[in-house]
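Below: one structure, written as structure tokens.
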Amino acid sequence: QVQLVESGGGLVQPGGSLRLSCAASGRFSSVNAMGWYRQAPGKRRELVARITSGGSTNYADSVKGRFTISRDNAENTVYLQMNSLKPEDTAVYYCNANLWGPAAYSMDYWGKGTLVTVSS
């Protein structure tokens with residue numbers, strides 16, 4: 001019933017910028033938090049950035065000062081502005097949404113992932 005549609009991935013040169021978008025659709029009551037995770041080959045999926053419904057943010061140390069996470073006014077879309085990209089940022093980026101539904105608890109939903117490649 002819930003779908004997360006990601007866009008914005010692609011190939012970029014070191015030092016360049018990309019903006020990822022993720023739109024949540026379907027039936028849910030409200031958004032608890034949304035964020036972006038990434039997974040490189042041979043590595044575990046890691047948190048990149050996360051934003052709560054109250055606007056509190058968390059970033060991986062490796063992206064602080066370079067990436068900015070934000071949400072639109074409807075709180076159903078999350079963005080990740082990525083600046084000063086480095087080759088080590090290359091990974092599949094996954095959108096995550098923790099959503100309130102009909103039950104008395106929230107659930108995690110995941111997008112299919114979008115590939116970001118930073119290469120010279």
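Heads up: numbering here begins at 1 and tracks the sequence.
- Judged as a side chain to side chain contact (heavy atoms under 4.5 Å, CB included), and not counting sequence neighbours, the contacts of Ala91 are Arg38, Ala40, Tyr93.
- No side-chain donor-acceptor contact under 3.5 Å links Asn76 and Arg71.
- Within 6.0 Å of the CD atom in Glu88, the count of heavy atoms belonging to other residues, nucleotides or ligands exceeds 12.
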Which donor-acceptor pairs under 3.5 Å do side chains of residues 112-120 form with protein atoms, sequence neighbours excluded?
residue: Thr114; atom: OG1; partner: Gly9; partner atom: N; Å: 3.4

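- Legend: ring-ring contact (aromatic ring centres under 6.0 Å, His included) pairs involving residues 1-50, not counting sequence neighbours, sorted by first then second residue: Tyr37-Trp110.
- Taking the salt bridge (charged side-chain N to carboxylate O under 4.0 Å, His left out) definition, one finds that Lys43 meets it with nothing, sequence neighbours left out.
- Nearest heavy atom pair, residue Gln3 against residue Gln1, reads NE2-C, 3.5 Å.
- Remark: Ser29 OG to Arg27 CZ distance equals 9.0 Å, nearest 0.5 Å.
- Looking at heavy atoms from C-beta onward, Leu80 lies in side-chain contact with Val48 at the 4.5 angstrom threshold.
- Leu4 approaches Cys22 most closely through the heavy-atom pair CB-SG, 3.8 Å.
- The side chain to side chain donor-acceptor pair (under 3.5 Å) check on Ser17 picks up Asn83, with sequence neighbours excluded.
- Scanning all heavy atoms of the two residues, the minimum distance from Leu18 to Gly10 falls at CD1-O, 4.0 Å.
- Criterion: ILVMFWY side-chain heavy atoms under 4.5 Å apart, direct or through other members. Under it, Met82 and Val92 are not part of a common hydrophobic cluster.
- Taking CG of Leu20 as the start and SG of Cys95 as the end, the distance is 9.5 Å to the nearest 0.5 Å.
- Summarising the geometry, atom OG belonging to Ser70 is positioned 11.0 Å from atom CE belonging to Met34; distances are rounded to the nearest 0.5 Å.
- Under the 4.5 Å side-chain contact rule for hydrophobic residues, Leu47 and Tyr94 share a cluster.
- Arg66 meets the side chain to side chain donor-acceptor pair (under 3.5 Å) test with Asp89; sequence neighbours excluded.
- Listed by chain and residue number, Ser7, Tyr79 satisfy the side chain to side chain contact (heavy atoms under 4.5 Å, CB included) test with Ser21 (two or more places apart in sequence, or in another chain).
- Listed by first and then second residue, the ring-ring contact (aromatic ring centres under 6.0 Å, His included) pairs that reach into residues 41-71 come to none, sequence neighbours excluded.
- Within the structure, side-chain hydrogen bond (donor to acceptor under 3.5 Å, both in side chains) pairs that include any residue of residues 98-107 comprise Asn32-Asn98, Asn98-Ser106, Asn98-Asp108 (at least two apart or interchain).
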